[in-house]
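Here the structure is laid out as structure tokens; the discussion comes afterwards.
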Amino acid sequence: MSGRRFLLATRSAGKLRELREIFSGFGLDVVDLSALGIVETAAEDYLERYDTFEENALAKTRYFFDLSGGLPTFGDDSGMVVDALGGEPGVYSKRWSGRQDLTGKALDDANNAKLVARMQDAERRDPAGHTDTGRYVSVAAFKDSVGELVRRGEIEGRVLAKPRGTGGFGYDPYFDAPDLGGTFAESTIENTAASSHRARAFRALLTALRAQGRV
């Protein structure tokens, strides 16, 4: 282990499970927000207000870097980009349904219901030109006393009409990725941590930081 502590700034239990596998592979000791006693506030709802994954990832990372008292901080922003929907839901993936009263699985269900309905509508409007292709995108960000760095990762796949698998979170049961051999919800944590969009973004970021002697 490096002997240094790093903050992994996410409230998502699913992301934490996946990312801990990746950080462990680099021999890094990471703590999450709850371990530092950083309680969730309404201010966090306004961090993802930008038009790009890069801006959102940096906004979250900067915010929690300051709250932690300057602990080297990792953050990310990720989402699904669907070709038939003109790139939606994109940076709005988490709150695409507009249901601000929901969290957790209930929010995932509302988002997925909108995804299915929008895909069906797109196919009805243009059955000949309809495509179910898309990608998961993740941007991983880092901030320490030296500066900031970001890296992007993507994984191609297609949107399913019906869910498959019981694992994962978010849109995972509806996104089939050949590189995973099935949907994200069918994948093991180990498999996802090896090949997902987040894995690609964070491994690229950690590799760059290690080359600079910052992790």
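Bear in mind the structure is a predicted one, so any value in this text is a computation, not a measurement.
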**Q.** Same cluster (ILVMFWY, side-chain, under 4.5 Å), L19 and L16
**A.** yes

Q) Hey, does L115 have a side-chain heavy atom less than 4.5 Å from the side chain of W96? A) yes

**Q.** Hphob cluster co-occupancy, V31 + F23, side-chain heavy atoms under 4.5 angstrom
**A.** no

Q) Can you hop from L33 to L8 via hydrophobic side chains spaced under 4.5 Å? A) no

Q. Tell me, do I155 and L180 make a side-chain contact under 4.5 Å, heavy atoms counted?
A. yes

Q) For the atom pair CD (E154) and CZ (R135), what is the distance rounded to the nearest 0.5 Å? A) 6.5 Å

Q. Got more than 12 heavy atoms from elsewhere within 6.0 Å of CD, E190?
A. yes

Q: Could you give me the CA-CA distance, side-chain angles and deciding distance for S97 and N111, then say whether side-chain hydrogen bond (donor to acceptor under 3.5 Å, both in side chains) is met?
A: CA-CA 5 Å; S97 66; N111 286 330; 3.3 Å; yes

Q | ILVMFWY cluster, F53 and Y92 together (side-chain gap under 4.5 Å) | A | yes

Q.
Under a 4.0 Å threshold between the charged nitrogen and the carboxylate oxygen, would R20 count as salt-bridged to D32?
A. yes

Q. So how far is it from T61 OG1 to F142 CZ, rounded to the nearest 0.5 Å?
A. 9.5 Å

(Q) Using a strict threshold of under 4.0 Å (side-chain N to carboxylate O), is an ion pair present between R5 and D29? (A) no

(Q) Please find the pair of heavy atoms, one from T73 and one from F65, that lie closest to each other, and give the distance. (A) OG1-CA, 3.4 Å

Q) Do you see a donor-acceptor pair shorter than 3.5 Å between the side chains of D83 and T133? A) yes

Q) Is there a side-chain contact between R151 and L209 (heavy atoms, below 4.5 Å)? A) no

Q) Would you say R210 and L28 make side-chain contact, with heavy atoms under 4.5 Å? A) yes

Q: Decide side chain to side chain contact (heavy atoms under 4.5 Å, CB included) for E55 and V150; before the verdict, give the C-alpha distance in whole Å, the side-chain angles of both, and the deciding distance to 0.1 Å.
A: CA-CA 10 Å; E55 289 174 300; V150 298; over 6 Å; no

Q: Evaluate the side chain to side chain contact (heavy atoms under 4.5 Å, CB included) criterion for residues V139 and D76: first the C-alpha distance (whole Å), next the side-chain angles of each, then the deciding distance (0.1 Å), finally the verdict.
A: CA-CA 5 Å; V139 170; D76 86 299; over 6 Å; no

Q: May I ask you to decide if R214's main-chain N or O and R4's side chain share a donor-acceptor pair within less than 3.5 Å?
A: yes

Q) Rounded to the nearest 0.5 Å, how far apart are CZ of R152 and CD of E54? A) 5.0 Å

(Q) Students often mix this up, so state it plainly: with edges at 30° and 60°, are the rings of F184 and Y136 parallel, tilted or perpendicular? (A) perpendicular

Q. Taking side chain as C-beta onward, heavy atoms only, is L160 less than 4.5 Å from F175?
A. no

Q. Just how far is it from atom CG of L85 to atom NZ of K114, taken to the nearest 0.5 Å?
A. 9.5 Å

Q.
Ring-plane angle category for F74 and F202, please: parallel below 30°, perpendicular beyond 60°, tilted otherwise.
A. tilted

Q: Might you point out which heavy atoms bring S78 and S93 nearest each other, and give the distance in Å?
A: O-CB, 4.4 Å

Q.
Looking at every heavy atom in both A208 and L149, which two are closest together, and how far apart are they?
A. CB-CD2, 3.9 Å

**Q.** Between CG on residue D45 and CZ on residue R95, distance to nearest 0.5 Å
**A.** 6.0 Å

Q) To the nearest 0.5 Å, how far apart are NZ in K162 and OH in Y174? A) 10.0 Å

Q.
For R118, is there an ion pair with D121 - N to carboxylate O distance below 4.0 angstrom?
A. no

Q: Apply the test side chain to side chain contact (heavy atoms under 4.5 Å, CB included) to residues M119 and V82: give CA-CA distance (whole Å), side-chain angles for both, the deciding distance (0.1 Å), then the verdict.
A: CA-CA 9 Å; M119 291 296 287; V82 183; 3.6 Å; yes

Q) Which heavy atom of E186 sits nearest a heavy atom of G165, and at what distance? A) CG-CA, 3.7 Å

Q.
If you compare all heavy atoms of Y63 against all heavy atoms of E44, which two are closest, and at what distance to 0.1 Å?
A. CE2-CG, 3.9 Å

Q.
If we check salt bridge (Lys or Arg N to Asp or Glu O under 4.0 Å) with E18, which of these qualifies: R203, R200, R198?
A. R198

(Q) For F6 versus L71, what's the shortest heavy-atom pair and its separation? (A) C-CD2, 4.3 Å

Q.
Looking only at side-chain N and O atoms, does T183 offer a donor or acceptor that is under 3.5 Å from a partner on D176?
A. no

Q) Going by atom types alone, do S24 and E21 pair a side-chain donor with an acceptor below 3.5 Å? A) no

Q: Determine, step by step, whether E88 and V81 satisfy the side chain to side chain contact (heavy atoms under 4.5 Å, CB included) criterion, reporting the C-alpha distance in whole Å, the side-chain angles of both residues, the deciding distance to 0.1 Å, and the verdict.
A: CA-CA 5 Å; E88 290 189 79; V81 174; over 6 Å; no

**Q.** Under 3.5 Å side-chain donor-acceptor pair for S187 and T192
**A.** yes

Q. Does some side-chain heavy atom of L58 sit less than 4.5 Å from a side-chain heavy atom of K60?
A. no

Q: Report yes if the side chains of K15 and F169 come closer than 4.5 Å at any heavy-atom pair, otherwise no.
A: yes

Q) Is a side-chain donor or acceptor of N112 paired with a backbone partner of G170 at a separation under 3.5 angstrom? A) yes

Q) Taking the side chain as C-beta and beyond, is there a heavy-atom pair between H197 and V137 under 4.5 Å? A) no

**Q.** R62/E148 salt bridge by N-O under 4.0 Å criterion
**A.** yes

Q.
Apply side-chain hydrogen bond (donor to acceptor under 3.5 Å, both in side chains) to residues T10 and S12 and explain how you reach the verdict.
A. CA-CA 5 Å; T10 179; S12 168; 4.7 Å; no

